[in-house]
Enquirer: 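First the structure, which I've put down as C-alpha coordinates, then a few questions once you've had a look.
Any value given below was found using the heavy atoms of this structure, including those in side chains, with hydrogens, waters and symmetry copies removed.
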Number of protein chains: 2
Amino acid sequence: MFSKACEYAIRAVLFISQKSKDGKKVGIREIAKGIDSPEHFIAKILQDLRRKGLVQSQKGPAGGFYLDKESMNYSLADVVRVVDGDSLFSGCGLGLKQCSEKKPCPLHHTFKQIRGDIYHMLESAKLGEFNKQLEKNVLFLKGE
Amino acid sequence: MFSKACEYAIRAVLFISQKSKDGKKVGIREIAKGIDSPEHFIAKILQDLRRKGLVQSQKGPAGGFYLDKESMNYSLADVVRVVDGDSLFSGCGLGLKQCSEKKPCPLHHTFKQIRGDIYHMLESAKLGEFNKQLEKNVLFLKGE
DNA sequence: TGAATAAAAGACTTTTTTGTCTTTTATTTT
DNA sequence: AAAATAAAAGACAAAAAAGTCTTTTATTCA
(Lines give C-alpha, C1' and ligand atoms only; values in the text may rest on other atoms or scores of the structure.)
Protein backbone atom coordinates (compact mmCIF):
# COMPACT_ATOMS: atom_id res chain seq x y z
CA MET A 1 0.00 0.00 0.00
CA PHE A 2 2.66 2.46 1.12
CA SER A 3 6.38 2.23 0.38
CA LYS A 4 8.67 1.46 3.30
CA ALA A 5 9.86 5.05 3.14
CA CYS A 6 6.31 6.25 3.50
CA GLU A 7 5.56 3.92 6.39
CA TYR A 8 8.58 5.27 8.23
CA ALA A 9 7.61 8.82 7.30
CA ILE A 10 4.16 8.55 8.81
CA ARG A 11 5.46 6.90 11.95
CA ALA A 12 8.22 9.50 12.31
CA VAL A 13 5.93 12.43 11.81
CA LEU A 14 3.51 11.15 14.43
CA PHE A 15 6.42 10.54 16.78
CA ILE A 16 7.69 14.08 16.32
CA SER A 17 4.21 15.43 16.73
CA GLN A 18 3.81 13.75 20.05
CA LYS A 19 7.19 14.90 21.34
CA SER A 20 6.87 18.44 20.11
CA LYS A 21 3.38 19.09 21.39
CA ASP A 22 4.96 20.74 24.43
CA GLY A 23 7.72 22.57 22.59
CA LYS A 24 10.37 19.82 22.65
CA LYS A 25 12.64 19.10 19.72
CA VAL A 26 13.68 15.53 19.05
CA GLY A 27 16.89 14.22 17.52
CA ILE A 28 17.14 11.79 14.65
CA ARG A 29 18.58 9.03 16.81
CA GLU A 30 15.69 9.21 19.23
CA ILE A 31 13.22 9.21 16.36
CA ALA A 32 14.83 6.16 14.78
CA LYS A 33 14.70 4.31 18.07
CA GLY A 34 11.19 5.46 18.82
CA ILE A 35 9.77 4.13 15.58
CA ASP A 36 12.25 1.28 15.02
CA SER A 37 13.64 2.46 11.68
CA PRO A 38 17.12 2.78 10.12
CA GLU A 39 18.56 6.06 11.35
CA HIS A 40 20.06 7.45 8.15
CA PHE A 41 17.17 6.31 6.06
CA ILE A 42 14.55 8.14 8.05
CA ALA A 43 16.90 11.13 8.23
CA LYS A 44 16.75 11.50 4.45
CA ILE A 45 13.04 11.17 4.36
CA LEU A 46 12.67 13.84 7.02
CA GLN A 47 14.95 16.13 5.03
CA ASP A 48 12.49 15.83 2.16
CA LEU A 49 9.57 16.56 4.40
CA ARG A 50 11.37 19.57 5.82
CA ARG A 51 12.08 21.01 2.38
CA LYS A 52 8.39 20.72 1.64
CA GLY A 53 7.61 22.44 4.92
CA LEU A 54 5.81 19.54 6.57
CA VAL A 55 8.23 19.39 9.48
CA GLN A 56 10.74 21.84 10.92
CA SER A 57 14.26 21.29 12.16
CA GLN A 58 17.10 23.06 13.84
CA LYS A 59 20.81 22.24 13.73
CA GLY A 60 23.27 22.28 16.57
CA PRO A 61 23.03 21.56 20.27
CA ALA A 62 19.49 21.33 21.60
CA GLY A 63 18.37 21.11 17.97
CA GLY A 64 16.27 18.46 16.34
CA PHE A 65 12.99 18.01 14.53
CA TYR A 66 9.70 19.52 15.57
CA LEU A 67 6.32 20.58 14.26
CA ASP A 68 5.06 24.13 14.51
CA LYS A 69 1.40 25.03 14.95
CA GLU A 70 0.77 25.04 11.22
CA SER A 71 2.44 21.68 10.66
CA MET A 72 0.28 20.10 13.32
CA ASN A 73 -2.63 20.62 10.98
CA TYR A 74 -1.15 18.89 8.00
CA SER A 75 -2.73 15.54 7.27
CA LEU A 76 -1.32 12.09 6.62
CA ALA A 77 -2.44 12.53 3.03
CA ASP A 78 0.05 15.40 2.74
CA VAL A 79 2.83 13.16 4.03
CA VAL A 80 1.91 10.37 1.63
CA ARG A 81 1.80 12.78 -1.30
CA VAL A 82 5.32 14.05 -0.55
CA VAL A 83 6.85 10.62 -0.10
CA ASP A 84 4.94 8.37 -2.50
CA GLY A 85 3.35 10.86 -4.85
CA ASP A 86 -0.35 10.68 -5.49
CA SER A 87 -0.49 7.48 -7.50
CA LEU A 88 -2.25 5.82 -4.58
CA PHE A 89 -5.01 8.38 -4.86
CA SER A 90 -5.28 8.65 -8.60
CA GLY A 91 -3.43 5.86 -10.44
CA CYS A 92 -5.07 2.85 -12.09
CA GLY A 93 -5.27 -0.19 -9.86
CA LEU A 94 -4.22 -2.47 -12.70
CA GLY A 95 -1.45 -0.15 -13.91
CA LEU A 96 -3.00 0.98 -17.17
CA LYS A 97 -1.49 4.18 -18.54
CA GLN A 98 -4.86 5.25 -19.77
CA CYS A 99 -7.68 4.34 -17.46
CA SER A 100 -10.69 6.59 -17.18
CA GLU A 101 -14.44 6.70 -17.00
CA LYS A 102 -14.53 6.37 -20.78
CA LYS A 103 -11.95 3.62 -21.00
CA PRO A 104 -12.03 1.88 -17.65
CA CYS A 105 -10.13 -1.18 -16.50
CA PRO A 106 -12.24 -3.95 -14.95
CA LEU A 107 -11.57 -2.64 -11.45
CA HIS A 108 -11.96 1.04 -12.21
CA HIS A 109 -15.35 1.63 -10.67
CA THR A 110 -14.90 -0.37 -7.50
CA PHE A 111 -11.45 1.09 -7.01
CA LYS A 112 -12.69 4.62 -7.34
CA GLN A 113 -14.77 4.06 -4.26
CA ILE A 114 -12.00 2.45 -2.26
CA ARG A 115 -9.40 5.00 -3.19
CA GLY A 116 -11.82 7.69 -2.19
CA ASP A 117 -12.21 6.05 1.20
CA ILE A 118 -8.46 5.85 1.64
CA TYR A 119 -8.04 9.44 0.61
CA HIS A 120 -10.68 10.76 2.96
CA MET A 121 -9.33 8.78 5.83
CA LEU A 122 -5.80 10.12 5.29
CA GLU A 123 -6.98 13.62 4.53
CA SER A 124 -8.99 13.85 7.71
CA ALA A 125 -6.21 12.42 9.90
CA LYS A 126 -4.28 15.45 11.15
CA LEU A 127 -0.78 14.97 12.48
CA GLY A 128 -1.60 16.23 15.93
CA GLU A 129 -4.68 14.17 16.56
CA PHE A 130 -2.96 10.99 17.75
CA ASN A 131 -0.84 12.61 20.45
CA LYS A 132 -2.99 11.79 23.43
CA GLN A 133 -3.54 8.18 22.50
CA LEU A 134 0.15 7.71 21.80
CA GLU A 135 1.06 9.14 25.15
CA LYS A 136 -1.45 6.93 26.91
CA ASN A 137 -0.01 3.87 25.15
CA VAL A 138 -3.29 3.10 23.48
CA LEU A 139 -1.64 3.46 20.09
CA PHE A 140 1.88 2.39 19.09
CA LEU A 141 4.51 3.38 16.54
CA LYS A 142 6.64 0.28 16.69
CA GLY A 143 6.12 -3.48 17.03
CA GLU A 144 7.03 -5.49 20.14
CA MET B 1 -1.32 -1.36 -4.06
CA PHE B 2 -0.41 -4.34 -6.26
CA SER B 3 3.07 -5.17 -7.54
CA LYS B 4 3.64 -4.83 -11.28
CA ALA B 5 3.71 -8.61 -11.49
CA CYS B 6 0.30 -8.75 -9.89
CA GLU B 7 -1.16 -6.10 -12.15
CA TYR B 8 -0.01 -8.08 -15.17
CA ALA B 9 -1.28 -11.28 -13.59
CA ILE B 10 -4.79 -9.95 -13.14
CA ARG B 11 -4.89 -8.49 -16.62
CA ALA B 12 -3.53 -11.70 -18.14
CA VAL B 13 -5.94 -13.92 -16.32
CA LEU B 14 -8.90 -11.84 -17.43
CA PHE B 15 -7.57 -11.86 -20.98
CA ILE B 16 -7.25 -15.62 -20.96
CA SER B 17 -10.68 -15.95 -19.42
CA GLN B 18 -12.24 -13.97 -22.20
CA LYS B 19 -10.46 -15.90 -24.94
CA SER B 20 -11.04 -19.29 -23.44
CA LYS B 21 -14.72 -18.88 -22.71
CA ASP B 22 -15.42 -20.63 -26.02
CA GLY B 23 -12.75 -23.25 -25.69
CA LYS B 24 -9.88 -21.36 -27.30
CA LYS B 25 -6.31 -21.51 -26.03
CA VAL B 26 -4.16 -18.44 -26.26
CA GLY B 27 -0.38 -18.17 -26.66
CA ILE B 28 1.93 -16.13 -24.52
CA ARG B 29 2.74 -13.69 -27.31
CA GLU B 30 -0.88 -12.89 -27.91
CA ILE B 31 -1.43 -12.45 -24.19
CA ALA B 32 1.51 -10.09 -23.89
CA LYS B 33 0.22 -8.02 -26.77
CA GLY B 34 -3.33 -8.15 -25.52
CA ILE B 35 -2.47 -6.69 -22.14
CA ASP B 36 0.62 -4.69 -23.14
CA SER B 37 3.14 -6.46 -20.92
CA PRO B 38 6.69 -7.83 -21.31
CA GLU B 39 6.37 -11.26 -22.88
CA HIS B 40 8.82 -13.27 -20.80
CA PHE B 41 7.86 -11.54 -17.62
CA ILE B 42 4.20 -12.42 -17.85
CA ALA B 43 5.21 -15.91 -18.96
CA LYS B 44 6.91 -16.53 -15.63
CA ILE B 45 4.01 -15.22 -13.67
CA LEU B 46 1.63 -17.47 -15.57
CA GLN B 47 3.87 -20.44 -14.84
CA ASP B 48 3.41 -19.72 -11.16
CA LEU B 49 -0.32 -19.44 -11.54
CA ARG B 50 -0.38 -22.71 -13.45
CA ARG B 51 1.55 -24.56 -10.74
CA LYS B 52 -0.99 -23.34 -8.24
CA GLY B 53 -3.79 -24.52 -10.51
CA LEU B 54 -5.29 -21.11 -11.24
CA VAL B 55 -4.76 -21.40 -14.98
CA GLN B 56 -4.14 -24.31 -17.32
CA SER B 57 -1.74 -24.66 -20.21
CA GLN B 58 -0.78 -26.99 -23.00
CA LYS B 59 2.52 -27.20 -24.84
CA GLY B 60 3.07 -27.70 -28.54
CA PRO B 61 1.19 -26.61 -31.65
CA ALA B 62 -2.30 -25.33 -30.99
CA GLY B 63 -1.29 -25.13 -27.34
CA GLY B 64 -1.47 -22.15 -25.03
CA PHE B 65 -3.09 -20.98 -21.84
CA TYR B 66 -6.70 -21.45 -20.91
CA LEU B 67 -9.10 -21.64 -17.99
CA ASP B 68 -11.20 -24.68 -17.29
CA LYS B 69 -14.65 -24.52 -15.73
CA GLU B 70 -13.27 -24.67 -12.24
CA SER B 71 -10.71 -21.94 -12.83
CA MET B 72 -13.40 -19.62 -14.14
CA ASN B 73 -14.73 -19.52 -10.60
CA TYR B 74 -11.51 -18.48 -8.96
CA SER B 75 -11.52 -14.91 -7.76
CA LEU B 76 -9.12 -12.04 -8.19
CA ALA B 77 -8.30 -12.42 -4.51
CA ASP B 78 -6.91 -15.88 -5.33
CA VAL B 79 -4.70 -14.39 -8.02
CA VAL B 80 -3.46 -11.65 -5.71
CA ARG B 81 -2.70 -14.16 -2.98
CA VAL B 82 -0.56 -16.27 -5.31
CA VAL B 83 1.41 -13.37 -6.74
CA ASP B 84 1.69 -10.88 -3.88
CA GLY B 85 0.91 -13.01 -0.86
CA ASP B 86 -1.73 -11.89 1.59
CA SER B 87 0.06 -8.93 3.13
CA LEU B 88 -2.43 -6.63 1.42
CA PHE B 89 -5.24 -8.38 3.26
CA SER B 90 -3.61 -8.85 6.62
CA GLY B 91 -0.40 -6.81 7.03
CA CYS B 92 -0.09 -3.61 9.06
CA GLY B 93 -0.55 -0.45 7.00
CA LEU B 94 2.38 1.23 8.73
CA GLY B 95 4.63 -1.81 8.52
CA LEU B 96 4.73 -2.74 12.19
CA LYS B 97 5.78 -6.30 12.84
CA GLN B 98 3.38 -6.53 15.72
CA CYS B 99 0.14 -4.72 15.08
CA SER B 100 -3.07 -6.03 16.56
CA GLU B 101 -6.24 -5.10 18.34
CA LYS B 102 -4.31 -5.05 21.58
CA LYS B 103 -1.35 -3.13 20.26
CA PRO B 104 -2.63 -1.19 17.28
CA CYS B 105 -0.86 1.34 15.09
CA PRO B 106 -2.62 4.68 14.62
CA LEU B 107 -4.20 3.51 11.39
CA HIS B 108 -5.13 0.04 12.55
CA HIS B 109 -8.85 0.49 12.99
CA THR B 110 -9.58 2.53 9.90
CA PHE B 111 -7.40 0.24 7.83
CA LYS B 112 -9.19 -2.83 9.02
CA GLN B 113 -12.32 -1.50 7.40
CA ILE B 114 -10.64 -0.55 4.13
CA ARG B 115 -8.73 -3.79 3.81
CA GLY B 116 -11.96 -5.63 4.38
CA ASP B 117 -13.56 -3.70 1.56
CA ILE B 118 -10.67 -4.49 -0.76
CA TYR B 119 -10.77 -8.12 0.19
CA HIS B 120 -14.48 -8.50 -0.37
CA MET B 121 -14.32 -6.74 -3.66
CA LEU B 122 -11.53 -9.02 -4.91
CA GLU B 123 -13.06 -12.11 -3.40
CA SER B 124 -16.39 -11.55 -5.08
CA ALA B 125 -14.85 -10.76 -8.46
CA LYS B 126 -14.75 -14.09 -10.30
CA LEU B 127 -12.43 -14.48 -13.27
CA GLY B 128 -15.23 -15.20 -15.71
CA GLU B 129 -17.48 -12.33 -14.83
CA PHE B 130 -15.84 -9.66 -16.95
CA ASN B 131 -15.93 -11.60 -20.22
CA LYS B 132 -18.98 -9.98 -21.74
CA GLN B 133 -17.96 -6.45 -20.94
CA LEU B 134 -14.46 -7.06 -22.24
CA GLU B 135 -15.84 -8.43 -25.49
CA LYS B 136 -18.17 -5.45 -25.89
CA ASN B 137 -15.26 -3.08 -25.32
CA VAL B 138 -16.88 -1.59 -22.30
CA LEU B 139 -13.89 -2.63 -20.21
CA PHE B 140 -10.24 -2.64 -21.22
CA LEU B 141 -7.04 -4.50 -20.32
CA LYS B 142 -4.53 -2.07 -21.78
CA GLY B 143 -4.14 1.67 -22.08
CA GLU B 144 -4.48 3.56 -25.40
C1' DT C 1 10.19 -40.23 -37.44
C1' DG C 2 11.23 -35.45 -38.01
C1' DA C 3 10.02 -30.67 -38.18
C1' DA C 4 7.51 -27.13 -36.17
C1' DT C 5 5.35 -25.08 -32.32
C1' DA C 6 4.66 -23.41 -27.79
C1' DA C 7 5.25 -23.61 -22.83
C1' DA C 8 8.90 -24.38 -19.00
C1' DA C 9 13.04 -23.42 -16.95
C1' DG C 10 17.06 -21.03 -15.73
C1' DA C 11 20.65 -17.67 -16.10
C1' DC C 12 21.36 -13.07 -16.49
C1' DT C 13 20.80 -7.73 -16.61
C1' DT C 14 18.70 -3.47 -15.32
C1' DT C 15 16.24 -0.53 -12.41
C1' DT C 16 14.25 0.78 -8.15
C1' DT C 17 14.03 0.62 -3.37
C1' DT C 18 16.10 0.23 0.86
C1' DG C 19 19.77 0.83 3.82
C1' DT C 20 24.74 2.43 5.31
C1' DC C 21 28.77 5.29 5.87
C1' DT C 22 31.43 9.56 5.70
C1' DT C 23 31.93 14.39 5.25
C1' DT C 24 30.10 19.02 5.53
C1' DT C 25 27.48 22.81 7.38
C1' DA C 26 25.00 25.32 10.84
C1' DT C 27 24.17 26.40 15.65
C1' DT C 28 24.93 26.65 20.50
C1' DT C 29 27.62 26.84 24.58
C1' DT C 30 31.69 27.55 27.12
C1' DA D 1 37.27 31.73 19.25
C1' DA D 2 37.04 26.74 20.13
C1' DA D 3 34.59 22.65 21.15
C1' DA D 4 30.58 20.10 20.96
C1' DT D 5 26.32 18.92 18.90
C1' DA D 6 22.99 17.80 15.46
C1' DA D 7 21.02 18.19 10.88
C1' DA D 8 22.29 18.20 5.70
C1' DA D 9 24.34 16.26 1.93
C1' DG D 10 26.33 12.98 -0.97
C1' DA D 11 28.55 8.78 -2.21
C1' DC D 12 28.06 3.85 -1.72
C1' DA D 13 26.28 -0.88 -0.98
C1' DA D 14 22.76 -4.42 -0.63
C1' DA D 15 18.44 -6.32 -1.67
C1' DA D 16 14.28 -6.66 -4.17
C1' DA D 17 11.56 -6.04 -8.22
C1' DA D 18 11.19 -5.81 -13.01
C1' DG D 19 12.57 -7.17 -17.33
C1' DT D 20 15.49 -9.91 -21.02
C1' DC D 21 17.65 -13.74 -23.33
C1' DT D 22 18.77 -18.59 -24.24
C1' DT D 23 18.09 -23.39 -23.75
C1' DT D 24 15.16 -27.33 -22.71
C1' DT D 25 11.02 -30.09 -22.75
C1' DA D 26 6.57 -31.55 -24.32
C1' DT D 27 3.16 -31.94 -28.02
C1' DT D 28 1.20 -31.94 -32.53
C1' DC D 29 1.17 -32.68 -37.30
C1' DA D 30 2.88 -33.91 -41.68
Enquirer: What are the two closest non-hydrogen atoms of A/P106 and A/L94, and how far apart are they?
Expert: CD-CD1, 3.9 Å
Enquirer: Find the distance between CD1 (B/I118) and CD (B/Q113) and round it off to the nearest 0.5 Å.
Expert: 11.0 Å
Enquirer: With a 4.0 Å cut-off, would you call A/R81 and A/E123 a salt bridge?
Expert: yes
Enquirer: Can A/K4 be said to sit on top of A/Y8's aromatic six-ring, NZ or CZ under 6.0 Å from centre and within 45° of the ring axis?
Expert: yes
Enquirer: Of all heavy-atom pairs between B/G34 and B/K142, which one has the smallest distance, and what is that distance?
Expert: O-CD, 3.7 Å
Enquirer: Please list, in 5' to 3' order, the outermost nucleotides of DNA chain D lying under 4.0 Å from any heavy atom of chain B.
Expert: D/dA18 to D/dT28
Enquirer: Quick one: which residue pairs count as a side-chain hydrogen bond (donor to acceptor under 3.5 Å, both in side chains) with a foot in residues 92-103 of chain A, not counting sequence neighbours?
Expert: A/K97-B/D36, A/E101-A/H108, A/E101-A/K112
Enquirer: For A/Q56 and A/D68, indicate whether the former's side chain and the latter's backbone hold a donor-acceptor pair under 3.5 Å.
Expert: yes
Enquirer: Looking only at heavy atoms, which two atoms of A/C105 and B/L139 are closest? And how far apart?
Expert: O-CD2, 3.8 Å
Enquirer: Which residues within residues 5-14 of chain A lie with some heavy atom under 4.0 Å of an atom in DNA chain C?
Expert: A/A5, A/Y8
Enquirer: Okay, side chain of B/K21, backbone of B/Q18: is any donor-acceptor separation there less than 3.5 Å?
Expert: yes
Enquirer: By ring pair (Phe, Tyr, Trp, His ring centres under 6.0 Å), which residues pair with B/F15, not counting sequence neighbours?
Expert: none
Enquirer: Decide, yes or no, whether a salt bridge links B/K33 with B/E30 under the criterion of side-chain N to carboxylate O below 4.0 Å.
Expert: no
Enquirer: Between protein and nucleotides 13-16 of chain C, what N or O pairs are separated by less than 3.5 Å?
Expert:
none

Enquirer: Hey, which of these two, B/K59 or A/Q58, hits DNA chain C nearer its 5' end, going by closest nucleotide?
Expert: B/K59
Enquirer: Testing the basics here: between A/F140 and A/L134, what is the closest heavy-atom pair and its distance to 0.1 Å?
Expert: N-CD2, 4.1 Å
Enquirer: Using a strict heavy-atom distance below 4.0 Å, which residues from residues 23-51 of chain A are in contact with DNA chain C?
Expert: A/P38, A/H40, A/F41, A/K44
